Each structure stands twice: as C-alpha cells, then as structure tokens.
Amino acid sequence: MKKEDVPQDLGSLGKITREVCYATDKDGKYTTQLSSGWEVKAQALDLAWQDIDQRIATAKQRVLNKEASPLLFFMEYRLMDASILADYTGFWQWQIKRHLKPEVFDSLSDKKLQKYAEAFNVKVADLKSMNVHES
Amino acid sequence: MKVDFVHRQSAHCESGVTSSLLQNIGAAKITEPLAFGMGAGLFFAYIPLIKVNNGPAIAFRTFPGLIFKRTCKALGIPIVRKKFNSKAEAEKYLQDALVAGSPVGCQVGVYYLSYFPREYRFHFNAHNLIVFGKEDDNYLISDPIMEFPTTLTTYELERVRFAKGALAPKGQIYYPAKHVDITDDTIRKAIKNGIKLNVNNMLNIPGWFAGVDGIKFTGGRIKKWRNSLGLEKAGLYLAQLVRMQEEIGTGGGGFRYMYGAFLQEAHAFLPNDELLKSSEKFTETGDLWRTSAVLAAGIYKGRLGSQADFNQMGDYLMEIAEIERKAFTELKNIKW
C-alpha cells in the first residue's frame, strides 16, 4: 500500500487513537503512516455488533417468555459462551446449561447466583431482573 | 514509582512490545519489523473448530508469545516469563520488577480493557502491553497500539491480567532478564534464522489448514459458503475474516506490509537483492488481502452477493497463496 492510500475514515477506534500502518513511499521504501480507520473494517465491526445486539434482543424475549433464565441474556450481553462462563464461574458447562432453565435458575442458592453476578459484573438483584446499568 | 521508559506506538501489539522492551535495554536497532521478522511472526491458519464470536477462527500471525520468545532467543537475550495462580503474587511480582527498574510486558484480555471503545472489546486474551510504573492507584501503561501512554487502576489491571477463557493469560508477565550488547553480526544471524523459520512455517507445516496451503484451502471454502451457510451467515463469516485480518491484535493485510518492511530492513544488514524482490511480493499480497476485504465488504453490506462474487473472493485468496508461496520459495533458496 502506498503511503497516500492509507485510509483516513473515522472508525470507533479512530476517536481514541490513530493506528500505525506500514506503507511505501514514492521510492517503494517502507515507512509508517498513521490511519484514523478504514470504512471496510468499521463496517465489519458494525455488522458483528448488529448480530450481537440481535442475539441480545432475542435472548431477552426468550427470558421474558420464560423459555430461558436470565443467564442467557447476560451471556449474550457479555459475549460469553458456556465455555468462557465456566472458566469465570468454576461451574461445569453441563451445570450452566441446566441453570439456563428458568425453573432451575429460580432455585439457585445465593452463593451460586453471586458467582454468576461476579462473572457478569452486575449485582445479584440485577441478574434476576436483567437490569443493566452501564453502557 | 516510574521506570525509565519511552512509549513507542506500533502496528501490532506483540511485535511492538518486543521491540519496545528490547530498545529499552539498549538494543536500539531492533525496530518493530525486525522483531516481527526475527520472531517469524507471519503465519496463516484457518481453524473452523475454534469458534470466535460464532464464526471460525482465522489467524494471520504466529501463536501468541512466540514473537517475543523467538526474537530474544535469536539475539541471545535471556528472558523472564512467569504465570501465576494467585492474583496477589502476580501483583507483587510486577511491583518488584518495577522497583528493580524493569518495564514489564503483560499478556491481557481485551474485554475489560477500559481505555478501549466498547465495540472493540471481545473475549480475546492475547493482547500485549507494557507496564512501566505506578502512581497512586494507577498503573502506567504503554499499550503499543495507542498513540500515547495510558493508565489502568490496580483493579482494572488485575482483571485483564486474569481474564478467563481461551488463551487465559494467568497474569503472565515477561521481560528481558538483563542488558546485552547486540552486534550487527548477531542481528544478521537472527534475521537469517527468522526467515528460515518463517519459510518453514508457511511452506512445510503439515495439514491443509495452515501456511500457504491453508490460504488456498480457505479460498476454496469461501466459494462454498454461500450455498452451505446461506447469504446472511456467509456475510457474517466474511465480516469475521475481515475483522481478524484488519483489527487489533491480528491484522493480516497489515502483517504482509510489516513483513515487506522487515525484508527491506534486513537488506540493510544483509545486502542481498533477493530480499528486496521478495519484499515487493509481500507488498503485493498485502494489497490483495485489502482488495479482497473491499469485495467482502460489498457482500456483507448487501451490495454484492452472487455466487460469482464468492468465487472471486475465493480466487483472491488462491492468488495470494500462490504469490506468498513464490515469495517464501525465493527466500528459501537464497544463498547467504
């Protein structure tokens, strides 16, 4: 890529920092150039987040319909699959899958709920009510 | 408490941390591209079995940790690398290193990295940064992708050092153990060694999913995505490919340019014109990776999406595979 072709589209990272790119000057010699972002990758990131937001909304509806416990909502919200959540909480994946059932979730001890709340970085009360205070 | 340290911004986290730590102990000539090349950083692997955010994992660089390890080894610099079970022990070790005057490389997870915008925070645990001091409750952080140094509170740093999931860092820290004088001769040897290793990793690695064969294989797979996944999911997969190619910590197209820069810098130490010729080939594949990303964007934005577009996308990767195969074969055949 030529130095003058290094894209300067403002992406979400571009508001915080510009990124270093290696590019060639007019003699073909490599140098560095700062970039504030590239439309193509900003759009790829947007699409990933649209997909995530969609999954969060679906999960929320399923919890409201009593088809799943609030764990499902927070797993989507925190971008966690059962394996990551198992690593954060110390539960086995099969236990987490069981806790995804609303009736099993409702019978969980405070101690277990506390572990989930810590993993999702929320309070136990918010865990039960799907309240999210932060952006 | 603040260690004598100069923040340097770089294109990629691990090669940046490696070159910053080495320049800090007096190895002033070890730029980011040199560290990347000596550490044989260029790679490709398509790993559909590992899911990242519901899509296949695609790596454009070598396994995390290897660039630092290989570069130091090639230069004969002893290293300290530690992982911890206890958070308290991890913090004490870090503090002791700072008191002793060493800036320290840390492997961290990006999900809770507070200075990143939320859109960038995924459960990716192989980001690298340098801690170079502490003021009150704030650790002074040199994150190589940032233009300026930043800070993390004690709690925030602990949380990212003990992120969980795949590649969990376990508080991992690393730094060069002592100051070593590096001669140009050592650099020449390290360059040759790095090129040889990279040739081997890209041309001779067994399996269809890695090296230049892996790029070719992925090209073939992409042609089938439209039928096997449906247009919407295929678009998500392509967006994933572009993100892994261009975003923080990965940067596939960017890595090709960095390797091109490495070969030019290598030429200053080892004036063999084959290096310059190969450098041009990597500039060419870097451009092709970016051209393919533009086409992919056309598909995931919904402007394009016919089977012919997917075929074209796959053909780009096959073309890249052939050029990189040629470039590495040329490097392999250099008579030093």
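Keep in mind that this is a model prediction, so the values were computed, not measured. Residue numbers begin at 1 in each chain, while the letters A, B, ... track the order of the sequences.
Taking the six-membered ring for Trp and the full ring otherwise, the centers of B:Y120 and A:W49 sit at least 6.0 Å from each other.
Residue B:N85 places its CG atom among 12 or fewer non-hydrogen atoms of other residues, nucleotides or ligands, all under 6.0 Å distant. Within a 6.0 Å radius of NZ in B:K83, other residues, nucleotides and ligands contribute more than 12 heavy atoms. Open room surrounds CD on B:E232; 12 or fewer heavy atoms of other groups in view lie less than 6.0 Å from it.
Atoms CG and OH, on A:N121 and B:Y112 in that order, are 4.5 Å from each other to the nearest 0.5 Å. Residue B:R256 holds its CZ atom at 14.0 Å from CE of A:M1, rounded to the nearest 0.5 Å. Rounded to the nearest 0.5 angstrom, A:Q43 CD and B:Y300 OH are separated by 6.0 Å. From A:T24, atom OG1 reaches atom CG of B:D287 across 7.5 Å, with rounding to the nearest 0.5 Å. With rounding to the nearest 0.5 angstrom, the OH atom of A:Y88 is 9.0 Å from the OH atom of B:Y111.
Your options are B:P33, B:A166, B:G55, and the one with the most heavy-atom pairs under 4.5 Å with chain A is B:P33. When each of B:E280, B:E32, B:K164 is scored by its heavy-atom pairs under 4.5 Å with chain A, the top score falls to B:K164. Counting heavy-atom pairs closer than 4.5 Å to chain B, the top-ranked of the candidates A:D81, A:I52, A:L85, A:T31 is A:I52.
Cation-pi geometry between A:R78 and B:F122 is not met at under 6.0 angstrom from the ring centre and within 45 degrees of the axis.
A:L34 touches chain B through its side chain: at least one heavy atom from C-beta onward sits under 4.5 Å away, while N, CA, C and O do not. For B:R159, the part sitting under 4.5 Å from any heavy atom of chain A is the side chain, from C-beta outward, and nothing else. Interface residue B:A163: backbone and side-chain heavy atoms are both found under 4.5 Å from chain A. Of the two parts of A:A119, only the backbone, made up of N, CA, C and O, holds a non-hydrogen atom closer than 4.5 Å to a non-hydrogen atom of chain B. Using a 4.5 Å cut-off between heavy atoms, B:T283 contacts chain A through both its backbone and its side chain.
One N or O on the side chain of B:Q9 and one on the backbone of A:R18 form a donor-acceptor pair closer than 3.5 Å. When atom types are taken as modelled, the side chain of A:K41 and the backbone of B:R243 share no donor-acceptor pair closer than 3.5 angstrom.
Among the candidates A:L45, A:I16, A:T17, the single residue satisfying the side-chain contact (heavy atoms from CB on, under 4.5 Å) test with B:P117 is A:I16.
Smallest separation of non-hydrogen atoms from B:Q264 and A:G28: NE2-O, 2.7 Å. Of all non-hydrogen atoms in B:A293 and A:V40, the two that sit nearest each other are O-CG1, 3.5 Å. The shortest non-hydrogen separation linking A:A44 to B:V242 is CB-CG1, 4.1 Å. Minimum interatomic distance between B:A239 and A:L47 (heavy atoms only, all atoms of both residues): CB-CD2, 3.6 Å.
Two residues are said to be in side-chain contact when any heavy atoms from C-beta on lie closer than 4.5 Å; A:K29 and B:S279 fail this criterion. Counting heavy atoms from C-beta outward, B:Y257 and A:C21 have side chains that stay 4.5 Å or more apart. Residues A:V20 and B:I145 form no side-chain contact, since every pair of their non-hydrogen atoms from C-beta on lies 4.5 Å or further apart.
Judged purely by distance below 3.5 Å, without hydrogens or angles, the side chains of A:Y30 and B:E265 never pair a donor atom with an acceptor atom.
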